[in-house]
Peer 1: 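If you scroll down you'll find the structure; I have some questions about it.
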Amino acid sequence: MPEDLVAIDGIILPGGESTTISMLLESSGTFEPLSELLSHGLPAFGTCAGMILLSNEVLDGRNDQRSFDRIDIAVRRNAFGRQIASFEKQIDVRGLAEPFQAVFIRSPGVESVGPEVEVLATIELDKEIEIPVLCRQNNILVSSFHPELTDDLRLHQMFLSEL
Ligand code: GLN
């Protein structure tokens with residue numbers, strides 16, 4: 001709700017369904033004030049659907065779904081397949097000493113990345129194509145997987161350390 005935005009230092013946009021989150025943000029009157037805060041530099045961490053909401057371009061989205069345009073990536077919704085194609089994979093993350101167990105559930109796939117974006121982790125799909133799965137642009141961090149579904153807090157700590 002808009003009143004919950006008062007005095008926050010940062011925000012985590014979690015996984016879920018980006019179309020539904022977008023709709024609820026609008027119907028609760030939260031989209032515009034949050035968009036305003038983000039455009040003035042509010043730090044944000046978006047995981048999965050949250051990544052979609054922060055990205056500049058959404059492919060395979062609904063026509064009426066909105067995003068905050070805070071990170072210069074194009075993401076395709078459900079790029080790794082349906083719920084049944086969910087998977088986990090150990091990934092190497094730039095800046096972390098040990099691999100991270102990444103949980104992918106109907107995750108978005110990053111199809112292009114602008115020059116300002118740092119790619120902190122990728123996964124290799126068939127055909128030896130590397131797909132970015134963790135990206136950062138200034139104080140906006142996005143992952144196509146769900147760090148909140150494990151007990152590993154290192155990515156949350158990475159985000160908090162930048163607040
Ligand atoms: N497929 C969902 C979407 O498009 C994201 C899935 C998730 O957050 N696990 O919003």
Side-chain angles (χ1 to χ4, degrees), residues 1 4-5 8 10-35 37-38 42-93 99-114 117 119-126 129-137 139-160:
M1 302 300 285
D4 297 321
L5 299 175
I8 58 171
I11 190 162
I12 295 183
L13 299 175
E17 199 56 54
S18 56
T19 50
T20 308
I21 299 173
S22 164
M23 213 167 67
L24 291 172
L25 283 167
E26 289 218 78
S27 63
S28 63
T30 311
F31 191 93
E32 294 303 336
L34 180 53
S35 183
L37 286 175
L38 289 165
L42 181 75
F45 182 12
T47 72
C48 209
M51 169 191 251
I52 298 169
L53 283 157
L54 289 167
S55 64
N56 279 9
E57 190 179 353
V58 179
L59 306 165
D60 290 343
R62 266 177 62 128
N63 288 341
D64 58 354
Q65 95 176 85
R66 298 181 69 189
S67 63
F68 293 113
D69 295 343
R70 296 319 304 157
I71 181 161
D72 189 11
I73 56 174
V75 295
R76 186 173 300 282
R77 294 180 62 222
N78 304 326
F80 298 94
R82 303 174 57 188
Q83 187 87 0
I84 197 163
S86 300
F87 62 99
E88 294 191 25
K89 200 170 168 65
Q90 287 225 322
I91 58 168
D92 290 320
V93 174
F100 193 95
Q101 186 72 15
V103 181
F104 294 85
I105 304 171
R106 290 184 303 115
S107 293
V110 175
E111 296 207 350
S112 68
V113 164
V117 175
V119 175
L120 302 178
T122 60
I123 57 170
E124 192 179 323
L125 286 189
D126 338 321
I129 297 170
E130 294 279 339
I131 309 228
V133 292
L134 180 67
C135 301
R136 179 168 57 198
Q137 182 171 349
N139 58 9
I140 303 294
L141 182 66
V142 293
S143 66
S144 46
F145 54 93
H146 287 274
E148 74 274 26
L149 293 184
T150 68
D151 294 330
D152 192 335
L153 298 179
R154 288 177 295 163
L155 293 184
H156 290 83
Q157 282 158 353
M158 181 189 278
F159 173 60
L160 290 177

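When a ligand or atom number is given, it counts from 1 through the structure's own listing order. Values below: every heavy atom of this structure, side chains too, minus hydrogens, waters and symmetry copies.
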Peer 1: NE2/His146 to CZ/Arg106 distance, rounded to the nearest 0.5 angstrom?
Peer 2: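 If I round to the nearest 0.5 Å, the distance is 8.0 Å.
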
Peer 1: With a heavy-atom distance limit of 4.0 Å, tell me whether Thr47 approaches ligand 1 through its side chain, its backbone, both, or neither.
Peer 2: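 No part of Thr47 is near ligand 1 at this cut-off.
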
Peer 1: Tell me, which protein residue and heavy-atom name are nearest atom 3 (C) of ligand 1, and how many Å apart are they?
Peer 2: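 Checking every protein heavy atom, the shortest distance to atom 3 (C) of ligand 1 gives Glu17 OE2, 3.2 Å.
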
Peer 1: Please identify which atoms of ligand 1 are closer than 4.0 Å to at least one heavy atom of Ser18.
Peer 2: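 Within the 4.0 Å cut-off of Ser18, ligand 1 contributes 3 (C), 4 (O), 10 (O).
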
Peer 1: Should the pair Phe45 and Phe159 be assigned to parallel (<30°), tilted (30 to 60°) or perpendicular (>60°) ring geometry?
Peer 2: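 Ring orientation, 0 to 90° scale: tilted.
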
Peer 1: Quick one: CG on Leu25 to CD on Gln65, what's the gap to the nearest 0.5 Å?
Peer 2: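 Answer rounded to 0.5 Å: 11.5 Å.
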
Peer 1: Looking only at distances, please establish whether an N/O atom of ligand 1 is found under 3.5 Å from an N/O atom of Arg106.
Peer 2: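 N/O-N/O distance under 3.5 Å: yes.
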
Peer 1: Return the closest protein heavy atom for atom 4 (O) of ligand 1 as residue, atom name and distance.
Peer 2: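 The protein heavy atom lying closest is Arg77 NE, 2.6 Å.
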
Peer 1: Counting from 1, what ligand 1 atoms have a heavy atom of Gly15 closer than 4.0 Å?
Peer 2: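 Heavy-atom distances to Gly15 below 4.0 Å select 8 (O).
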
Peer 1: Looking at Asp60 and Arg76, is there a salt bridge between them, counting it only when a charged N and a carboxylate O are closer than 4.0 Å?
Peer 2: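 A salt bridge is present here (some side-chain N lies under 4.0 Å from a carboxylate O).
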
Peer 1: In the protein, what heavy atom is nearest to atom 7 (C) of ligand 1, and what distance, to one decimal place, separates them?
Peer 2: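 Minimum-distance protein heavy atom for atom 7 (C) of ligand 1 reads Cys48 SG, 2.9 Å.
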
Peer 1: Would you check, one step at a time, whether the test side-chain contact (heavy atoms from CB on, under 4.5 Å) holds for Thr30 with Asp4?
Peer 2: CA-CA 9 Å; Thr30 311; Asp4 297 321; over 6 Å; no

Peer 1: Just jot down the ligand 1 atoms closer than 4.0 angstrom to any heavy atom of Ile52, in number order.
Peer 2: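 So the atoms of ligand 1 that pass are 3 (C), 4 (O), 10 (O).
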
Peer 1: Do ligand 1 and Gly16 have nitrogen or oxygen atoms that lie under 3.5 Å from each other?
Peer 2: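 Gly16 vs ligand 1: N/O contact under 3.5 Å present.
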
Peer 1: Looking at every heavy atom in both Cys48 and Ser144, which two are closest together, and how far apart are they?
Peer 2: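 Closest pair (atom of Cys48, atom of Ser144, distance): SG-O, 3.6 Å.
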
Peer 1: What are the atoms of ligand 1, with element, lying closer than 4.0 Å to any heavy atom of Asn78?
Peer 2: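 Counting atoms of ligand 1 from 1, those under 4.0 Å from Asn78 are 1 (N), 2 (C).
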
Peer 1: Closest approach of Val117 and Val113, non-hydrogen atoms and distance?
Peer 2: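 Val117 and Val113 have their closest heavy atoms at CB-CG1, 3.5 Å.
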
